[in-house]
Amino acid sequence: MGKTRKVWSGRIEGAVSPLMERFSRSVETDFLMWREDISVNRVWAAELAEIGIYSADELKSVLAGIDKIAGELETGNFEFEPVDEDIHVAIERRLTEIVGDAGARIHTGRSRNDQVVTDSRLYLKGRAKDWQIELVRLQDNLLTMAKDQLGVILPGYTHWQQAQPILLSHYILAIFWGVDRTISRLKDYLHRIDVCPLGSGALAGSAFSVDRERIALKLGFREASQNSIDATGERDFCSELLFAIAAYFTHLSRIAAELQMWNSLEFSFIEFSDAYATGSSMMPQKKNPDAMELIRGKSAAAIAGVNQLLVLQKGLPLTYNRDLQEDKKVTFAQLEEAILATDVFREALSGATFRVDKMQQALEPGLLATDLADYLVQKGVPFRQAHEIIGQIVQRSLQEKCQLTAFTLEKFNEFSEFFEDDVFKKLQFPVSVAQRIVIGGTAEKAVQLQIAQAEDRLKAYQ
Ligand code: ARG
């Protein structure tokens, strides 16, 4: 193969337009998986020797050639030619330059269609595992934070209105379990992606009787794929990962949005360190929580990514179509963003200060209205009636600008004779929190159990 000849030149007589050449190149993206392509070439060469395509000597020189190419790629000394439309072609071209005819035999019985999905699966498997490790690190940090903040109470919100008091640790652990779902999704994903398509050929299976199970094993896959049509043409392994990324970013974007509000002057529940904030070019007083805003902003591309992959495949006839070359750019890029966002989020949060004083100041007595209703229930009043009575009390407290905590027993008794002296014990934030002792509740005892569960989960991962 000369430096200007395409791998498919036999059938096509005319020269390809330089514009088309540029349009169809994917090497800028698939370059990222050169290590995987090297591994695939090594295993494939050995397999060709098993079936007599290579003599022992030829195999030796081919493997040495592959090593030399790996060295060139590693050190940045590999010279790409305009003819190298993708990494597979580039490596085969160079191998043929180095070892001659033996290099020209490396593509025996295989197609770029099975090669590209084998490389992609290997690459994504590796990076998805790296992401999982970063997610576990984030969980580890969240758990430490939850333990450190045990006892701190802040207002919990629904509809962005003060609802009920909660423990800060409980809030932090809510993030932990959201991250945990991503980890468990990735675990399932890593099982499904662990299937080797090599040997599927272009679509019908290799005509050379390579041992596909041995190939799978050597490349570190769990098993060989069962259908060559499916294996070469499906991209669930991209869409599925992109869904995990989109769901993760969506989750993170909600937390980012809330923490960003917590960081405002009005809330001041949290202060990010200077390392994760930026100033304004115009307003000297500003310190902006950019890390959170960027996480929220980047979630847009993550959500678009899963859509892009689904739309790319929708209605596409089986098996390989060149459209599918567009799978890698978005999948690889989004995976990198997810890994980066995980690290940024972890560091930004670890370096932030929780303003416990501000959280305490923000606690409004109205947060205890449900506890007052529960109090009446314990005295025998049906909940619906209790709810009505407390609703009227709240109404009065607003009219008279008198906080619930400032009500006298006499005043309570105007609304119900079931109120007694012990009602004042109930009207305290720590008491409200301590009531919620059910599994998954915000009481300190329940949160301690939750921490133990989270610790077990982490141990299983580490
Ligand atoms: N660069 C291509 C891709 O990433 C490789 C497969 C090309 N196959 C083909 N039949 N043209 O999808």
Side-chain angles (χ1 to χ4, degrees), residues 149-174 254-255 257-271 285 289 352-438 440-447:
Q149 302 296 337
L150 208 58
V152 175
I153 298 175
L154 79 159
Y157 297 80
T158 59
H159 311 268
W160 203 234
Q161 306 280 321
Q162 288 211 0
Q164 288 174 340
I166 53 167
L167 285 189
L168 176 57
S169 304
H170 196 47
Y171 185 94
I172 294 168
L173 288 167
R254 296 180 65 174
I255 299 151
E258 186 158 344
L259 294 185
Q260 189 211 350
M261 271 191 280
W262 283 17
N263 181 72
S264 70
L265 181 66
E266 287 73 8
F267 273 87
S268 299
F269 285 2
I270 197 170
E271 195 180 322
Q285 85 282 15
T353 315
F354 290 108
R355 297 285 306 274
V356 177
D357 53 330
K358 296 286 182 186
M359 292 177 180
Q360 237 151 30
Q361 283 165 25
L363 293 165
E364 289 289 333
L367 288 161
L368 301 170
T370 313
D371 296 278
L372 275 184
D374 292 348
Y375 170 87
L376 288 182
V377 167
Q378 274 151 3
K379 300 280 176 185
V381 182
F383 177 75
R384 195 44 61 208
Q385 282 169 29
H387 185 279
E388 175 76 22
I389 294 166
I390 306 302
Q392 288 162 2
I393 292 177
V394 169
Q395 186 66 19
R396 173 77 69 85
S397 108
L398 290 171
Q399 279 162 1
E400 295 181 4
K401 295 195 171 43
C402 168
Q403 295 280 27
L404 288 183
T405 39
F407 268 46
T408 59
L409 183 57
E410 271 166 16
K411 206 160 177 170
F412 276 128
N413 286 142
E414 282 176 39
F415 295 88
S416 164
E417 75 271 21
F418 285 96
F419 283 113
E420 292 174 84
D421 248 349
D422 57 351
V423 67
F424 300 107
K425 272 196 218 132
K426 195 83 175 172
L427 270 176
Q428 293 173 40
F429 300 114
V431 175
S432 165
V433 169
Q435 302 277 313
R436 290 165 169 82
I437 205 164
V438 290
T442 198
E444 195 166 319
K445 274 190 186 157
V447 171

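Heavy-atom basis, side chains included; hydrogens, waters and symmetry copies ignored.
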Side-chain contact, heavy-atom cut-off 4.5 Å: [X] with [Y]?
X: R396; Y: F415; answer: yes
X: L150; Y: E444; answer: yes
X: I166; Y: V433; answer: no

What pair of heavy atoms forms the shortest contact from [X] to [Y], and how long is it?
X: A443; Y: L167; value: C-CD1, 4.2 Å
X: A446; Y: G441; value: CB-O, 3.5 Å
X: F429; Y: P165; value: CD2-CG, 4.1 Å
X: P289; Y: Q260; value: CG-CG, 3.5 Å
X: A386; Y: L376; value: CB-CB, 3.8 Å

Under 3.5 Å, side chain of S416 to main-chain N/O of N413, donor-acceptor pair present?
-> no
Residues 370-385 vs side-chain hydrogen bond (donor to acceptor under 3.5 Å, both in side chains), sequence neighbours excluded, gives Q164-T370, D371-S432, D371-R436, Y375-D422, Q378-K426, K379-E420, K379-D422
Residues 153-161 side chain polar contacts: donor-acceptor under 3.5 Å, at least two apart:
none

Under the side chain to side chain contact (heavy atoms under 4.5 Å, CB included) rule, collect the residues that match up with Q149, sequence neighbours excluded.
-> V152, L168, S169, I172, F354, V356
Name all residues meeting the side chain to side chain contact (heavy atoms under 4.5 Å, CB included) criterion together with E364; count only those two or more places apart in sequence or in a different chain, and write none if there are none.
-> Q162, Q403
List the steps and the verdict of side chain to side chain contact (heavy atoms under 4.5 Å, CB included) for N263 and F269.
-> CA-CA 6 Å; N263 181 72; F269 285 2; over 6 Å; no
For Y171, which residues count as a ring-ring contact (aromatic ring centres under 6.0 Å, His included) partner, sequence neighbours excluded?
-> W262
From CG (L368) to CD1 (I390), nearest 0.5 Å | 11.0 Å
Name every donor-acceptor pair, under 3.5 Å, that has one atom in a side chain of residues 404-412 and the other anywhere in the protein, sequence neighbours excluded.
{"residue": "T408", "atom": "OG1", "partner": "K411", "partner atom": "N", "Å": "3.2"}
{"residue": "K411", "atom": "NZ", "partner": "E400", "partner atom": "OE1", "Å": "2.5"}

